[in-house]
Every structure is written in structure tokens, then in C-alpha cells.
Chemist: 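Mind having a look at this structure? Questions to follow.
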Amino acid sequence: MSEPQVVASRYAAGGVAASEASSRGRLWRAAVKWPMYAVAVMPVLLAAGWRLGQGLGLRPDQLALFLLAAVLLLAWENLANDVFDADTGVDTHGKPHSVVNLTGRRNRVLALANGCLLLGLALMALVALRSSAVVLLLVLLCCGLGYLYQGPPFRLGYRGLGEPLCWLAFGPFATAAALLALAPAGEGAGGVPWGAALVLGSGPAVATSLVLFCSHFHQVEEDAAHGKRSPVVRLGSQRAAALVPWFVATALALQWAPVLLGWWPLTALLGAIGLPPARALIRLLGDEHHRPERIVGSKFLALRFQALNGLGLAAGLALGPWLTALAGR
Ligand SMILES: C/C(=C\COP(=O)(O)OP(=O)(O)O)CCC[C@H](C)CCC[C@H](C)CCCC(C)C
Ligand SMILES: O=C(O)C1=CC(=O)c2ccccc2C1=O
């Protein structure tokens, strides 16, 4: 059973008791939420696609190390999120699949989170050693934003600032780190490729921020009750839902502009394969009732849009020269 079904069963069956009756295996699968790690791997996949399309070298060893490190760092973010949200009580009733709720061992979950952080940073240090020290600085910056989002005493996500932090982390900062990581040592001596990182990462990071934005819809009551003033709590469910089409349009506009400017090949429009889940998401949120058992799926439709959009863009950038040459024959 996936996370949305686990959470929906809680609403459908009228309470935590129903979710507790679910097998722990299903709850654990929801806790692991492996599809969510598409957001962690996207910056480096986009960097790899862009480098291939530019005819620049690609270092598979660096790509693999960066992927593993990014997954470990996002695992830290999520485990620590369950710990910090357990401390405020915001997950007590709304998140039966919180690892702290499942294990009852807050301190051990925090130790596991910190282990993921240390291992992820150690791998990133290895990537930096073989490329540029700036990679580690940028990744530390991303982790700092991740802590500001949820960690005491900041908890900026409780002030509704999660989406901008998310965009900065997964957009320019992580993309710049990935571009430097995949470049031969010394190529990054010219400093941080902010221009390329902004053009390449901005659109996909808006899609990533949309995932976070949609993760609030089914938690409005719990969040409000615990002082977590997410954008959906601040705006109300209906007005927040009206912003979703603008998230999608902004993400696509930021990705189509480089094509119109001639910086990217037409194949970069492949990101449009993410449109079907985006349309389904807008339809779901257009339902004025926003019943929790249905609205919980919005985060996963947003995640499908983020993943297909990013993979389509990365593939389109990588294949551009070959397909253009093929068409020219
Ligand atoms: C943990 C995040 C969102 C979940 O928060 P919430 O409490 O609303 O969710 P639950 O309902 O499940 O409790 C993600 C927040 C993202 C953060 C702003 C930035 C994280 C940056 C990463 C740590 C950096 C990863 C490495 C990089 C190189 C890809
Ligand atoms: O559990 C969640 O709701 C999220 C976890 C996560 O790691 C993430 C990362 C980037 C954007 C959104 C999210 C989540 O919503």
C-alpha cells in the first residue's frame, strides 16, 4: 500500500485506529516513500543531460557518487523531519507512517538521520576532492536550507517559507553543485556556473516546490492546530489550489524560454511529458470539496509531474544534437 493509500485509509476508516490495523509493512513502505527521492536525483540527472547535449565529458563515477550522496542527504532530511515534527506534535495524528510514530524511538531515529547526513557529506566530500571544493560548500548550503526549513529554533516551514527554500536548494544550488561535480577537475576553476545552474535548474525546481506545496493540502487542520502556517493554511485550501496552475505554467515557461532563445534544442520540450499528471492534479484540486482521502493524492500527482518533467528535459537536452543531426540528414 503506498503512502496516499495508507493516509487515505486513515481518513476512510475514520481514524488512526484503522491505519494501525494496516500491516506495519504497508506503513513502512509509506514511511520509506522511495518515489520522493526523484527530487534528490533530479539536479544531477539534469546536469548530466545538459553536459551530454553540450558535447562535454561525463564522469559516470562522479554521477554515481553524487546520486548516492543526494539520496542519503534527503533521507537525513526526511528522518530528521519526523523527529522535529514529533517534537512539535504536528505529525501525531496526521502522519501514521512517521518513522518516530512507527518505532517510538525518537533518539534512535535522530541518530540514524545524523548517520545518513555524515555518510552523505562524506561521499560529497569525495566528489568534491575529485572535482571542486565548491561542490561541498554548495551541498552544505543545501543542507543548511533543509535544516532552516524544519530544525529548531528556525522551523521556517512553520512560517510558510518552505517553498522558496526548496526552490533555492533543489534549483540553483544543487544544480550548480552537480554541474561542478560532473566537470573534469580544473574545469570548475572559473568559479560557480551560476548562469547555467539558474537556466537549467529553475524550472524543474519550481516543479519540486510544487510537490512540497501539494504536501500541505491534506494536513491543513493538523498544521494549523500546531502552529505550522504552511501556504495552504495561510491562503486556505481553495485559494491555494488556484495557485497550482501557476506553478505548472511557471515551471514550463522557465524551461521553454531557453528553447525560444535558441540556447536549447527543440527536444528540450520533452519535459511536456509531465503534463498529463499536471492536468490530473489541477482537476483533483479543482474539486471544491477537497476531501482528505482524495486530496492526499495531490502530492503524488505533483511528484509524477516533477519526475516526468525533469526526466523529459534531461533526456531532451542529452539527445538534442543527435536528433537534430538525424533530422538534418
Ligand atoms: C522534508 C521535506 C518536506 C516534508 O515536510 P513536511 O513536514 O511538510 O512533510 P510530512 O508531511 O512528510 O511531515 C523537504 C523539505 C526540503 C528542504 C526545503 C530542502 C532540502 C534540501 C536537501 C536536504 C538537499 C539534498 C541534497 C541535494 C544535493 C539534492
Ligand atoms: O514527505 C514529504 O511530503 C516530502 C519529502 C521530501 O523529501 C520532499 C522534498 C522536496 C519537496 C517536497 C518534499 C515532500 O513533500
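Quick note: residue numbers are just sequence positions, from 1. Just so you know, ligand 1 is whichever comes first in the structure, and atom 1 is the first atom listed for that ligand.
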Chemist: Counting only heavy atoms, which portion of V39 has something under 4.0 Å from ligand 2: side chain, backbone, both, or neither?
Modeler: side chain

Chemist: Classify the side-chain pair Q219/D91 by whether it contains a donor and acceptor separated by less than 3.5 Å.
Modeler: no

Chemist: Roughly how far apart are Y149 OH and R155 CZ, rounded to 0.5 Å?
Modeler: 11.5 Å

Chemist: Determine, considering heavy atoms only, which of M42, E77, K228 sits nearest to atom 6 (P) of ligand 1.
Modeler: K228

Chemist: Where does C166 meet ligand 2, judged by heavy-atom distances below 4.0 Å: at the side chain, the backbone, both, or neither?
Modeler: side chain

Chemist: Within the structure, is a non-hydrogen atom of K33 found at a distance of less than 4.0 Å from ligand 1?
Modeler: yes

Chemist: Given L210, L303, L165, T208, which has its nearest heavy atom closest to atom 11 (C) of ligand 2?
Modeler: T208

Chemist: Any side-chain donor paired with an acceptor under 3.5 Å for Y158 and T88?
Modeler: yes

Chemist: Ring centroids only, cut at 6.0 angstrom: are Y147 and F84 within range, meaning strictly under it?
Modeler: yes

Chemist: Mind checking whether D91 contacts ligand 1 via backbone (N, CA, C, O), side chain (CB onward), both or neither, at a 4.0 Å heavy-atom cut-off?
Modeler: side chain

Chemist: Less than 6.0 angstrom separating the ring centers of F213 and F217, yes or no?
Modeler: yes

Chemist: Tell me which part of D82 gets within contact of ligand 1: side chain, backbone, both or neither, using heavy atoms under 4.0 Å.
Modeler: neither

Chemist: Can you confirm, on distance only, whether ligand 2 has an N/O atom lying under 3.5 Å from any N/O atom belonging to N78?
Modeler: yes

Chemist: Quick one: which ligand 1 atoms are inside 4.0 Å of a heavy atom on L212?
Modeler: 3 (C)

Chemist: Heavy-atom distances under 4.0 Å decide this one: backbone, side chain, both or neither, for M36 against ligand 1?
Modeler: neither

Chemist: Please could you name the atoms of ligand 1 that A40 approaches to less than 4.0 Å, counting only its heavy atoms?
Modeler: 29 (C)

Chemist: Touching ligand 1 at all, A177? Heavy atoms, strictly under 4.0 Å?
Modeler: no

Chemist: Purely on distance, is any nitrogen or oxygen of K299 under 3.5 Å from one on ligand 2?
Modeler: yes

Chemist: Does K95 come within less than 4.0 Å of D82, counting only side-chain N to carboxylate O?
Modeler: yes

Chemist: Counting each atom of ligand 1 from 1 as listed, which ones have a heavy atom of K95 under 4.0 Å away?
Modeler: 10 (P), 12 (O), 13 (O)

